[in-house]
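I have placed the structure first, in the form of structure tokens, so that the comments after it can refer back to it.
For this chain, numbers begin at 1 and follow the sequence in order. Just so we're clear, the structure is a prediction, and the values are computed from it rather than from any experiment. When reading the values below, keep in mind they use all heavy atoms of this one structure, side chains included, and skip hydrogens, waters and symmetry mates.
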Amino acid sequence: MRRFNPIPRRYARDYLETAPSLVWLVAGSLAIGVIGLRWYVDRGLAGVSTFAWPLFADSPAATTLAALAFATLLPALGRPIEEAPFTRAMAYLHTLAFVWLIETALWTTVALNIGFGVYFPDPFAYFGVIGSHLAFIGAAYLLPHAARTTRGALAFALGGALANDFVDYGLGLHPPLRYDPGLGLAAVSVVTSLVAVGLAALAFDRMGAATGS
């Protein structure tokens, strides 16, 4: 089955097969996570249980997962990405990172446009936040070029995303917004979770299958 990936393999090689670019992806993802976490510090992070931080601070969680996923490719530097070693545990990590990046990007874009009147035309709160989060999609689609998934990994990512939705809206730990999200945004969040997992299923080859060149 031909997989869907908007990033051509030749461009993925430029990022994933050379040390400077791959190290930049790891370090840049971590740096964005730290910046995002700092944003949450000013918006109630201290009042949230430490164990719930990954579910409350969605964007830092997504970029941290991305950093970990890209870091697993560092030992394969100097080899084609098709030869990058992978394990079942890596399949779970890469799938989860992809889903979290995509879901966070989609949710942020939708959430800020639902509350368009209270965000637009703020250069940072609207354009900056949406632009930076849409970049998550590009990072996510690099991963399937050098990784695989499994049915279990997809099910795990779906369960995690839906659990995150429940925590966000059932327990009130959704990312801070300038408006009351209501049931509408909760429903949208479930849809973005389903879409993210569906896109992962379309993007990743399965373990045991050969990747295309």
Side-chain angles (χ1 to χ4, degrees), residues 1-34 36 51 53-55 57-106 135-164 193-213:
M1 176 180 177
R2 185 174 179 82
R3 296 295 168 186
F4 170 75
N5 196 317
I7 298 179
R9 180 63 60 94
R10 63 183 181 277
Y11 295 134
R13 292 187 191 283
D14 292 338
Y15 283 98
L16 302 179
E17 290 183 354
T18 59
S21 57
L22 184 56
V23 170
W24 181 88
L25 281 171
V26 175
S29 297
L30 286 174
I32 292 170
V34 170
F51 296 105
W53 282 9
L55 299 177
D58 290 354
S59 298
T63 54
T64 299
L65 286 169
L68 293 173
F70 287 127
T72 65
L73 304 179
L74 289 171
L77 280 174
R79 286 181 282 173
I81 51 179
E82 292 85 0
E83 298 177 11
F86 60 91
T87 64
R88 192 165 296 274
M90 290 169 63
Y92 275 69
L93 171 61
H94 293 159
T95 305
L96 191 65
F98 180 98
V99 168
W100 240 248
L101 287 166
I102 295 290
E103 198 279 337
T104 301
L106 295 178
F136 289 10
I137 296 175
Y141 273 105
L142 286 173
L143 290 171
H145 284 287
R148 310 283 201 282
T149 193
T150 66
R151 289 183 179 179
L154 290 167
F156 177 75
L158 176 60
L162 294 177
N164 188 37
S193 294
L194 295 173
V195 169
V197 175
L199 291 175
L202 291 173
F204 283 92
D205 282 301
R206 303 297 190 267
M207 284 189 69
T211 58
S213 59

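- Other residues, nucleotides and ligands place more than 12 heavy atoms under 6.0 Å from the OH atom of Tyr141.
- Looking at every heavy atom in both residues, Phe98 comes nearest to Ala196 through CE2-O, 3.9 Å.
- Interatomic distance, OG1 of Thr149 versus CZ of Arg88, reported as 10.0 Å (0.5 Å rounding).
- In this structure, OG1 in Thr64 is found 12.0 Å from CH2 in Trp53, a value given to the nearest 0.5 Å.
- For the side-chain contact (heavy atoms from CB on, under 4.5 Å) test, residues two or more places apart in sequence or in another chain that qualify with Val195 are Leu106, Val191, Leu199.
- Within the model, atoms OG1 of Thr104 and CD1 of Ile137 stand 10.5 Å from one another, a figure rounded to the nearest 0.5 Å.
- Of the inter-residue distances, the one linking Leu96 atom CG with Leu143 atom CG reads 11.0 Å to the nearest 0.5 angstrom.
- Closest non-hydrogen pair, Pro54 versus Ala61, comes out as O-CB, 3.4 Å.
- Of the inter-residue distances, the one linking Leu194 atom CG with Leu162 atom CG reads 6.0 Å to the nearest 0.5 angstrom.
- Using the six-membered ring where Trp is involved, Tyr92 and Phe156 have ring planes that are tilted, between 30° and 60° apart.
- Side-chain atoms of Arg13 do not come within 3.5 Å of backbone N or O of Thr18 as any donor-acceptor pair.
- Contact annotation: the side chain of Leu30 never approaches that of Thr63 to less than 4.5 Å [non-hydrogen atoms, C-beta and beyond].
- What you find for Ser21 and Leu16 is that their closest heavy atoms are OG-N, 4.4 Å.
- For the pair Leu77/Glu17, no side-chain contact is recorded, criterion being any heavy-atom separation below 4.5 Å from C-beta on.
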Could you go through residues 66-76 and list every donor-acceptor pair under 3.5 Å that involves a side-chain atom there, pairing it with any protein atom two or more places apart or in another chain?
from	atom 1	to	atom 2	distance (Å)
Thr72	OG1	Ala69	O	2.6
Thr72	OG1	His94	NE2	2.8

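- Counting all heavy atoms, side chain and backbone alike, Met207 lies closest to Ala91 at SD-CB, 4.1 Å.
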Show your reasoning for whether side-chain contact (heavy atoms from CB on, under 4.5 Å) applies to Trp100 and Asn164. CA-CA 10 Å; Trp100 240 248; Asn164 188 37; 4.0 Å; yes
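- In this structure, His145 and Arg3 have side chains that are not in contact, with every pair of non-hydrogen atoms separated by 4.5 Å or more.
- Summarising the local packing, CZ of Arg79 is surrounded by more than 12 heavy atoms from other residues, nucleotides or ligands at distances under 6.0 Å.
- A pairwise comparison of heavy atoms in Ala157 and Val99 identifies CB-CG2, 3.8 Å as the closest pair.
- A 4.5 Å side-chain heavy-atom check between Leu154 and Thr95 finds at least one atom pair inside the cut-off.
- Nearest approach of Ile7 to Gly138, heavy atoms of both residues: CD1-O, 3.2 Å.
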